[in-house]
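Beneath this line is the structure, given in structure tokens, with notes to follow.
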There are 2 protein chains.
Amino acid sequence: MPKANDSQPVPAYAHIVNTISDRIASGAYEAGGRLPSESKFCAEFGVSPMTLRRSLNILIARGLIVTEKGKGTFVRPVVLKDSIFKLEDLAGEFFDESVEMRLLEASTVGASERVAAMLRVPQGERVVYLRRLALKHKKPAMYHVEYVLYDPRQPLVESQLQLTTLDGFLETARGRSFPRGTITLRAVALSAKDAEILGEPGDSPALCLEHVFEDTERGPVSWGWFLMRADLFELRAHLGPE
Amino acid sequence: MPKANDSQPVPAYAHIVNTISDRIASGAYEAGGRLPSESKFCAEFGVSPMTLRRSLNILIARGLIVTEKGKGTFVRPVVLKDSIFKLEDLAGEFFDESVEMRLLEASTVGASERVAAMLRVPQGERVVYLRRLALKHKKPAMYHVEYVLYDPRQPLVESQLQLTTLDGFLETARGRSFPRGTITLRAVALSAKDAEILGEPGDSPALCLEHVFEDTERGPVSWGWFLMRADLFELRAHLGPE
DNA sequence: CAGTGGTCTAGACCACATG
DNA sequence: ATGTGGTCTAGACCACTGC
């Protein structure tokens, strides 16, 4: 009855999120301070409790506010450990037209002790072995090594090779998708061999992104890592509103 | 009318999230496959559309499902670039009783060209200079350097020194909280000087966590970085349900 | 057209905190 | 007892898709 909903491209809950977020950013609501109660907000924005609550839940998820039952809602002070690094951001900055993907090797090898342990297969078992190099402006930037479970019934290698096209290099990392994975990020010094491939001096620092993908019941299906030149890759996080 | 709500510690929307999440994890809903419609779900779980929607929104935020207007809801295949690294996890693993914090230096210095640029003050301006060392099991593990805007009116140094107590080292990183910050994570090779402080050979790899905190109107207020031994620090992300 | 996702209401009820 | 956060309903309306 109140009024026809104006088919806004921006839904009410999103508008409220933006408004409150801006107020926190501008200092209108001070850090640690108390916000108006939910009923006050409902009155101000002219929405029902459900809609207002939805907005608050989003702000809570973003870490901008905290709520305490019976007491009120407060601006949550920003804290260093809140930092969140998204691999997507890194990939987004890196991948553009200047990037070329090169397949260095695609073969099957007998699993070494280490590989056998990671993929949970008997030592010496045949596994797919892949090595790729990403060049940016014609210069080596990222080196990728991967071991994949070998299944003679399926054209695994085939789906792997498609990834040379850069589409979905970091995007799917598998032709088929898997339900689980564990990713580890660390700093390393490049071995002489790896340094040569990347055109860097030996012992140069690099970011290492190790990945293990698992099937629902079979366990580990793929193990590999990306070596990224330290001067080209960094992860960035932003704290606070906006 | 339907029935008394059984004061469950687990709200209905959370239970639905868990249930659907488990089904995806177990493969009951296949990757990329279509889920039952919202009305079917409402019938199955005996909740209203709003509640069911809330659950779906959470699953969307977690990246487990995607929705397409007019078509349906689908299991979202897991993708490498979805990886999210939380500094909180790293801090949680590292900080325990075996960690000791040591203040190496707290003084004021004239801002170098670099420092002046980062804090946007005239070169030579007095700024607070802090150096700290975190030891784990009596061995150096993390080295922290920080420059802070010097405000004679406020006991900035005082609030800094409190951080030696480890409580809120990564936790608040500031005595007072600031609304904004930018954090950058990269791999570096330790300089001879830094390597000595950390008890490592020169050129050893390390994770560098650089941070800039900003006030609402003043701009940058603090600039610094953590150097973390590569053998002690790594960030881990998990893909998929659970 | 019917089915699907997506937003929203105007209440209701509960648990907790404060005086 | 009052005010706070927190969950939920039973509908409604809209936009989009596909037949």
Side-chain angles (χ1 to χ4, degrees), chain A residues 1-21 23-24 29-30 32-76, chain B residues 1-21 23-24 29-30 32-76:
Chain A
M1 242 144 290
K3 55 103 162 285
N5 200 338
D6 26 286
S7 81
Q8 276 175 299
V10 183
Y13 77 90
H15 172 251
I16 296 172
V17 166
N18 293 335
T19 302
I20 297 180
S21 188
R23 288 178 188 175
I24 293 173
Y29 297 147
E30 280 185 34
R34 183 171 160 176
L35 272 63
S37 72
E38 302 196 359
S39 57
K40 294 264 180 57
F41 270 139
C42 286
E44 174 185 350
F45 294 113
V47 297
S48 74
M50 250 321 228
T51 301
L52 191 272
R53 240 293 126 177
R54 183 174 179 177
S55 302
L56 293 190
N57 280 331
I58 292 171
L59 290 166
I60 291 169
R62 290 191 189 172
L64 290 183
I65 64 173
V66 287
T67 52
E68 290 179 48
K69 235 193 222 174
K71 292 209 235 172
T73 307
F74 305 86
V75 178
R76 181 166 172 278
Chain B
M1 268 139 276
K3 53 104 163 284
N5 201 339
D6 24 285
S7 81
Q8 275 174 301
V10 184
Y13 77 90
H15 173 251
I16 295 172
V17 166
N18 293 335
T19 302
I20 297 181
S21 187
R23 287 178 189 174
I24 293 173
Y29 298 146
E30 280 185 36
R34 185 172 159 177
L35 271 62
S37 72
E38 303 195 0
S39 57
K40 295 266 179 56
F41 270 140
C42 286
E44 175 186 349
F45 295 113
V47 297
S48 74
M50 251 316 231
T51 300
L52 191 272
R53 243 287 129 179
R54 182 173 181 179
S55 302
L56 293 189
N57 279 331
I58 291 171
L59 291 167
I60 291 169
R62 290 191 191 173
L64 290 182
I65 65 173
V66 286
T67 53
E68 289 180 49
K69 238 194 218 174
K71 293 208 230 169
T73 307
F74 306 85
V75 178
R76 180 164 175 279

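What you see is a predicted model, and the numbers here were worked out from it, not measured in a lab. Letters go in sequence order (proteins before strands), and every chain restarts at 1.
Rounded to whole Å, the distance from CZ on A:Phe45 to P on C:dA10 is 17 Å. Atom pair A:Leu56:CG and D:dT4:P shows a separation of 13 Å (rounding to whole Å applied). Atom pair A:Leu52:CG and C:dG11:C1' shows a separation of 15 Å (rounding to whole Å applied). Distance B:Arg54 CZ to D:dT9 P: 11 Å, rounded to the nearest Å. Across the protein-nucleic acid pair, B:Ile16 atom CD1 and D:dT7 atom P stand 13 Å apart, rounded to whole Å. D:dT9 atom C1' lies 10 Å from atom CE of B:Met50, rounded to whole Å. Going from atom CZ of B:Arg34 over to atom C1' of D:dG18 covers 11 Å, rounded to whole Å.
Every residue two or more places apart in sequence or in another chain was checked for a side-chain hydrogen bond (donor to acceptor under 3.5 Å, both in side chains) with A:Arg62, and none qualifies.
In plain terms, the two heavy atoms of A:Ala12 and A:Val47 that are nearest each other are CB-CG1, 4.3 Å.
Considering only side-chain atoms of A:Glu38, the nucleotide from C:dT4, D:dG5, C:dC8 that sits closest is D:dG5. Distances were taken from every side-chain heavy atom of A:Val47 (C-beta onward) to each of C:dG5, C:dT9, D:dG11; the shortest belongs to C:dT9. For A:Ser37, taking side-chain heavy atoms from C-beta onward, the closest of the listed nucleotides D:dT7, C:dT4, D:dG5 is D:dG5.
Contact annotation: the side chain of B:Ile20 approaches that of B:Leu35 to within less than 4.5 Å [non-hydrogen atoms, C-beta and beyond].
The ring-ring contact (aromatic ring centres under 6.0 Å, His included) pairs that include a residue from residues 42-74 of chain A are A:Phe41-A:Phe45, where partners are two or more places apart or lie in different chains.
Contact check, B:Tyr13 against D:dC8: no side-chain N or O comes under 4.0 Å of OP1 or OP2. Distances shown here put every side-chain N or O of B:Ser48 at or beyond 4.0 Å from the OP1 or OP2 atom of D:dA10. Proximity of B:Thr51 to the phosphate of D:dT9: a side-chain N or O atom is located under 4.0 Å from OP1 or OP2.
For the side-chain contact (heavy atoms from CB on, under 4.5 Å) with A:Arg76, the lone residue among A:Val66, A:Leu64, A:Ile24 that qualifies is A:Val66.
For CD of A:Glu30, the number of neighbouring non-hydrogen atoms (other residues, nucleotides, ligands) closer than 6.0 Å is 12 at most.
Rounded to the nearest 0.5 Å, atoms CE (A:Met50) and CZ (B:Arg54) are 6.5 Å apart.
Annotation: proximity of residues 57-76 of chain A to DNA chain C (heavy atom, distance under 4.0 Å) is found for A:Lys69, A:Gly70, A:Lys71, numbered in ascending order.
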